[in-house]
Structure formats: C-alpha cells, structure tokens
Amino acid sequence: MKIIQSSKYACAGLITFFRRERNGKIQLVISALTVTAGLGLRLPYNKWIAILVCISMVLSMEMINTAIEKLCNLVHPDEHPQIKIVKDIAAGAVLLAAVISLIVGILIFLPAMISLF
C-alpha cells in the first residue's frame, strides 16, 4: 500500500512540475522534439539509450533544482549569500546536464542528419 501512495505523490510531483514550472514546460517540449526527431531519423537502439539517459538527467536535475529553490525561498525568503550559493550550485548542475546532453545530441543527430543527404 505504501508504494502505491508513494507513487501517487511522485506522479503529483511530476504533474505539478510540468504544469506550473516554466522550465519544466520548456524541457518537456525539447524532450518531445528530441524523441520525435529520433523516431523520424529511425535511430538505432544504442543511440536511444544515450538520448533517454540525457533526457532523464536534464529533467531530473531541473526538478531537483526547482525543489531546492522553492525550499530555499521558504526557509529564507530574503536574499542571503549562503542561499545564493546553494541556488547557484543547483542551477549549475542543470546547466552541466544540459550542455552534456546537447553535446551528446549533436554527436548522435548530426551524423544521422548528414546521412540523409
């Protein structure tokens, strides 16, 4: 029973993130476009593993960053140097995941697109 309740809370968190957070909506659209492009290019199985890992990594980091920001704002609503450091580090984790995912995407999609011509 507890696993069902935990799953409900987790699903509620996903829904909240994608409905309310601008970055969640942006990342969801980018993920959908990436999957659509991959399907259109008929990428092989091994490429999908990298794509799905990258999508999950970026979305997960974005969700963790959002949770950290909301918690920090609740604990200390005013500007605070230590809170700024925490928020900056969390945002940096998202940026790192996004940049690495972009590089992986280029390495996968560019050769696939070039081979079309």
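Source: prediction; values computed, not measured.
- Around atom CG of L116, more than 12 heavy atoms belonging to other residues, nucleotides or ligands sit under 6.0 Å away.
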Apply side-chain contact (heavy atoms from CB on, under 4.5 Å) to E21 and K70, showing your working. CA-CA 11 Å; E21 297 300 321; K70 293 200 176 300; 3.0 Å; yes

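- Judged purely by atom type and a 3.5 angstrom limit, N65 has no side-chain atom pairing as donor or acceptor with the backbone of V94.
- Of the inter-residue distances, the one linking I26 atom CD1 with S31 atom OG reads 11.5 Å to the nearest 0.5 angstrom.
- Around NZ of K25, the count of heavy atoms belonging to other residues, nucleotides or ligands within 6.0 Å exceeds 12.
- If you take OG1 on T16 and CE on M63, they are separated by 8.5 Å, rounding to the nearest 0.5 Å.
- For Q5, the CD atom counts as densely surrounded, since its 6.0 Å shell holds more than 12 non-hydrogen atoms of other residues, nucleotides or ligands.
- Side chain of S56 to backbone of V53: a donor-acceptor contact under 3.5 angstrom is found.
- With a 4.5 Å cut-off on side-chain heavy atoms, W48 and L39 count as touching.
- Residues E69 and C72 form no side-chain contact, since every pair of their non-hydrogen atoms from C-beta on lies 4.5 Å or further apart.
- Counting heavy atoms from C-beta outward, E62 and F17 have side chains that approach closer than 4.5 Å.
- With a 4.5 Å cut-off on side-chain heavy atoms, I55 and V35 count as touching.
- In the hydrophobic clustering of ILVMFWY residues, with side-chain heavy atoms under 4.5 Å counting as a link, L28 and L33 come out apart.
- No single ILVMFWY cluster, assembled from side-chain heavy atoms under 4.5 Å apart, contains both M57 and L95.
- Looking only at side-chain heavy atoms (C-beta outward), L14 and Y9 stay at 4.5 Å or farther from each other.
- Remark: C54 SG to I49 CD1 distance equals 12.0 Å, nearest 0.5 Å.
- Remark: the K87 side chain and the N73 side chain contain an N/O donor-acceptor pair separated by less than 3.5 Å.
- Clustering ILVMFWY residues whenever any of their side-chain heavy atoms sit less than 4.5 angstrom apart, transitively, puts L107 in the very cluster that holds V99.
- Nearest heavy-atom pair, L41 versus F109, reported as atom, atom and distance to 0.1 Å: CD1-CD2, 3.4 Å.
- One hydrophobic cluster holds both I114 and I106 under the rule that ILVMFWY side chains link at heavy-atom gaps under 4.5 Å.
- The line from CD1 of I89 to NZ of K84 is 10.0 Å long, rounded to the nearest 0.5 Å.
- Both M113 and I51 belong to a single network of hydrophobic side chains, linked directly or stepwise wherever heavy atoms of I, L, V, M, F, W or Y lie under 4.5 Å apart.
- The two residues M61 and A97 make their nearest non-hydrogen contact at CG-CB, 4.0 Å.
- A heavy-atom distance below 4.5 Å is found between the side chains of L43 and I108.
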